[in-house]
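Notes follow once the structure below has been shown.
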Amino acid sequence: EPQGRGTCRHREAAQLCATALRLLVGEQGAGRPVLPFAERHAKEDGDECKQVFTVVMTDGYWNGPDPGVGNTDGDNGAPYADGYSNTLADVAMKYFENDLSSMENLVPDGIYNHQHMVTYSVAFGAYGSLNPANFDFNKNIYPTWPNPASADKYKIDDLWHAAVNGRGRFMSASRPDELVESLLDIM
């Protein structure tokens with residue numbers, strides 16, 4: 001919930017999305033779901049093969065408390081790795097790489113078959129220092145991710161980096177119709 005200027009807690013919000021799934025159907029404490037019926041219901045419905053998506057949308061820059069995930073993407077190589085800790089990209093990588101549930105691993109996304117979070121991001125009227133059009137990941141033309149803690153515009157680059165790490169998509173919109181189009185593209 002917005003608390004005034006300068007309180008855009010995107011890193012925490014992304015972390016909460018993954019934690020919510022874990023609490024509903026994952027393990028807590030001694031390997032038991034918080035809601036005992038949730039995992040059984042998910043298995044009965046075939047949810048072990050469903051993907052989990054998060055959409056991070058902003059017209060500003062993140063700040064707030066440290067999410068405590070460290071440099072989760074630091075050992076992943078290009079285009080994922082950077083040398084910075086506790087970024088939005090680190091949060092996205094943590095919940096992309098790690099299994100969010102004790103359910104059977106049947107997610108059909110071609111990378112991981114465990115339950116993981118795919119991150120999409122939309123910048124609305126905010127621009128970073130990097131232009132995604134200048135890079136071609138299929139041809140190994142990758143950005144060097146700047147330190148998001150050193151300037152606000154680098155936090156928008158981190159928003160793109162989060163979509164890269166979460167194997168989703170980054171979109172930028174400057175007008176309401178572009179925002180609607182970006183959201184429709186996700187679906």
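Just the heavy atoms: all of them, side chains too, but no hydrogens, waters or symmetry mates, feed the values below.
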Under 3.5 Å, sequence neighbours excluded: what are the donor-acceptor pairs made by side chains of residues 178-187?
residue : atom : partner : partner atom : Å
Glu178  : OE1  : Ser174  : N            : 2.6
Glu178  : OE1  : Ser174  : OG           : 2.9
Glu178  : OE1  : Arg175  : N            : 3.2
Glu178  : OE2  : Arg175  : NH1          : 3.2
Ser182  : OG   : Glu178  : O            : 3.0

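- Counting heavy atoms from C-beta on, the side chains of Phe124 and Thr58 never come closer than 4.5 Å.
- Sorted by first and then second residue, the pairs that involve residues 132-145 and meet side chain to side chain donor-acceptor pair (under 3.5 Å), not counting sequence neighbours, are Asn140-Tyr142, Trp145-His161.
- At a threshold of 4.5 Å between non-hydrogen side-chain atoms, the residues Val56 and Thr54 count as touching.
- Asn86 places a side-chain N or O within donor-acceptor distance of the main-chain N or O of Gly68, the cut-off being under 3.5 Å.
- Inter-residue side-chain proximity for Thr119 and Phe96 is flagged as unmet; no heavy-atom pair is nearer than 4.5 Å.
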| task | I would like to know whether Leu159 and Phe170 meet side chain to side chain contact (heavy atoms under 4.5 Å, CB included); could you show each step before the answer? | result | CA-CA 7 Å; Leu159 189 66; Phe170 172 74; 4.0 Å; yes
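- The list of salt bridge (Lys or Arg N to Asp or Glu O under 4.0 Å) pairs with a residue in residues 142-154, not counting sequence neighbours, reads Asp152-Lys155.
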| task | Could you check Phe135 against Leu130 for side chain to side chain contact (heavy atoms under 4.5 Å, CB included), going step by step and ending with a plain yes or no? | result | CA-CA 9 Å; Phe135 303 95; Leu130 301 172; 4.2 Å; yes
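- Of the inter-residue distances, the one linking Leu88 atom CG with Ser121 atom OG reads 7.5 Å to the nearest 0.5 angstrom.
- Between the side chain of Asp158 and the backbone N or O of Tyr154, no donor-acceptor pair lies under 3.5 Å.
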Give every donor-acceptor pair under 3.5 Å between a side-chain atom in residues 74-83 and any protein atom, sequence neighbours left out.
residue : atom : partner : partner atom : Å
Asn76   : ND2  : Thr72   : O            : 3.3
Asn76   : ND2  : Asp73   : O            : 3.4
Asn76   : ND2  : Glu97   : OE2          : 3.3
Tyr80   : OH   : Arg167  : NE           : 3.4
Asp82   : OD1  : Tyr84   : N            : 3.0

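- For Tyr127, there are no ring-ring contact (aromatic ring centres under 6.0 Å, His included) partners at least two apart in sequence or on another chain.
- When all heavy atoms are compared, the tightest approach of Asn165 to Ala89 is ND2-O, 3.0 Å.
- In this structure, Asp157 and Gly128 approach most closely via the heavy-atom pair OD1-CA, 3.3 Å.
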